[in-house]
Amino acid sequence: MTPAWILDIFAAVMLAVAALSVARIAAAWPWRRGAVVNETDIAYPLMGVAMAGTLTVGLRTLPDGAWDVIFAVLTAWFGYRVVRDARASGGRPLAGLLRAPQRVQSAAMLYMFLALAAPATGGGAGASGPAMRTLNHTTLAFAFAAVLATCSVWDLDQLSGARYSLARGFLLSPEISVGCRIAMGVTMSFMLLIMI
Amino acid sequence: MNDIAVAGCRAVGRGGLGTEAVAVRQTPDARRALQLALAVVWLLDAMLQYQPVMYTKAFGQSLAATAAGNPGVIARPITWDATLVEHHVVVLNTIFATTQLLLALGIAFRPTVRLALGASIAWSVAVWWLGEGFGGVLAGGVSPVSGAPGAVILYALLAVLLWPADRGGMPAPFTAARTLGARAARVLWLVLWLSLAYFAVQPANRAPQALHDMISGLESGEPGWLAAIDKGAAALVAHQGLAASIVLAAALTLVAVGVCLPATARAAVVLALVVAVVIWVVGQAFGLILVGGATDPNTGPLLALLALAYWPAWGTVSPTGGPRHPRAAGEGTTDR
């Protein structure tokens, strides 16, 4: 089995992303007129906590069924926004999906919780604790992993080449948001592929 | 990446929901796009290396199996490496996986692209020897359908062809020619695809049931839709091993030679893409990723990337990476 400490590292990264997103929401002063809160900052605390709980047994919070409902609602909301944004800008819905990978990530989370197989017992060399659960419908797992990996690589390329202004402050800067998106995409790809 | 949404500048009510902004979207040129595709493959490779089965004795045993059939001077280091991995699998496999992860991120991050590509060449050559036994090419009996000459050496080839430097003088007729020049790039293409054609007609691959057995052997554990495809393909080539190997060799030869002639280059690249996809789906079952336990996607996607690097439509590219003809206008930023 994949060593527990590796899973713990990825879980810690997910919790850091969740905490950072909550801090960004607070820093954006959402109660203020004209304030804009990014959809990633709303989605990522949920995704971060859910993924941390999947990676590390001790961090599990809600039952799988609850996460199914949460991510079904989130995915439906994102789907609505993709269509609405495409109609408003005259662009194609697919372009909207790729420009905002958190929408794909939400769908991947929904798939993951719906496709989880029953937990196995025991582990392999280097294992500590219960074995990692596996996923049914592995084609979707690979497809999501490939798309998320592509989005993460694209984000990293854009991040390394773009020029940002820190007019909104460090915490609210686009680099932090894109960095969180990259961390989320890489971790999600990791989870999907090791659970096949 | 998205339209800019800045606090306080939108006419919204109490609060609003926006998508994150990127200051300036930079469209990569063809070479950078292929580098990013290579980074994606490395990233998937890294994640696959973290799979639970890689942390068992099975990983070391699979490495040891690649020594079979190789000359002693090549086989002994492989066996030594496999034994070492078997005894220290947790530490060593984590190093392997993390190295590949860093290579992927390094290629995607523009300031480190050269360092990462250079490191990937060294890493790929080492793994080709110690992890794949040179793809079994010296042991014999390998087939382009099953993954000859070994996926990992194709990573190194791509890294060389996509190196972020431009050879001066004449504009490059295709992306892969930008670094080494058109002649050297075509020679590499010829060597690769003609060697694949050679492997396709080796005695082991000409046997009546050779290709059938190779494909039908993949069905176990596959998703139903993929197993159905493989079943149909295996039935198609049953008892037709000789004919199938000749057809495959002919196609590979056409791909090899066609790229060297400007009039047929585009058709040859399209054929290469078709061959790569068919091999990946039918012959390699997506590298057995869907079954679990695969270490990499196998050669299919890498052959497709190579083909795209020889696509003539993305030339003529000037040494600075900018467009040379009006139809190539719109090319964006180049890699560093």
Side-chain angles (χ1 to χ4, degrees), chain A residues 1-3 6 28-42 81 85 89 99-100 102 123-127 131-132 134 137-139 141-142 145-146 149-150 152-165 167-168 172 174 177-178 181 186 189-190 192-194 196, chain B residues 1-3 5-26 28 32 35-37 39-41 43-44 46-48 50-57 89-90 94 97 101 104-105 107-112 223 225-226 286 289-294 333:
Chain A
M1 181 184 161
T2 305
I6 293 178
W29 294 4
W31 53 87
R32 197 181 52 171
R33 176 175 287 275
V36 176
V37 177
N38 290 312
E39 57 184 31
T40 36
D41 296 330
I42 292 179
R81 283 181 63 84
D85 291 350
S89 64
R99 278 198 297 267
Q102 64 272 11
M132 193 84 185
T134 57
H137 312 297
T138 55
T139 307
F142 177 54
T150 303
S152 298
V153 163
W154 171 263
D155 271 341
L156 189 53
D157 171 70
Q158 293 293 296
L159 186 67
S160 61
R163 297 175 298 279
Y164 296 96
S165 90
R168 297 179 66 198
L172 293 177
S177 178
V178 175
R181 209 161 63 196
V186 169
S189 298
F190 163 80
L192 288 167
L193 288 176
I194 68 167
I196 284 179
Chain B
M1 199 85 58
N2 304 297
D3 294 328
V6 178
C9 293
R10 279 174 41 174
V12 295
R14 193 180 182 80
L17 200 61
T19 49
E20 188 48 83
V22 171
V24 177
R25 179 181 169 185
Q26 304 198 348
R32 183 57 182 160
Q35 288 172 354
L36 295 181
V40 171
V41 182
L43 186 57
L44 293 175
M47 297 309 155
L48 291 169
Y50 282 114
Q51 290 176 98
V53 71
M54 301 301 169
Y55 286 93
T56 66
K57 286 190 185 296
V89 66
V90 174
T94 302
L101 176 62
L105 299 179
I107 294 171
F109 194 63
R110 293 183 193 196
T112 56
W225 67 272
L226 188 56
F286 297 98
I289 292 174
L290 305 184
V291 175
T333 58

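Quick note on labels: first sequence line is chain A, next is B, and so on, each numbered from 1. Being a predicted model, the structure only gives us computed values, none of them experimental. Because only heavy atoms are used, hydrogens play no part in the values below, and waters and symmetry mates are left out as well, while side chains stay in.
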Hey, could you give me the [atom1]/[atom2] distance between [X] and [Y], rounded to the nearest 0.5 Å?
X	Y	atom1	atom2	result
A:S189	B:L48	OG	CG	10.5 Å
A:D157	B:R32	CG	CZ	4.5 Å
A:T138	A:L193	OG1	CG	10.5 Å
A:I6	A:M1	CD1	CE	10.5 Å

Counting only heavy atoms closer than 4.5 Å, note whether B:L226 contacts chain A via side chain, backbone, both or neither.
neither
Check each atom of B:L43 against the heavy atoms of chain A and say whether the ones under 4.5 Å are side chain, backbone, both or neither.
side chain
Do you know which of A:L192, A:T150, A:V153, A:V186 has the most heavy-atom pairs under 4.5 Å to chain B?
A:V153
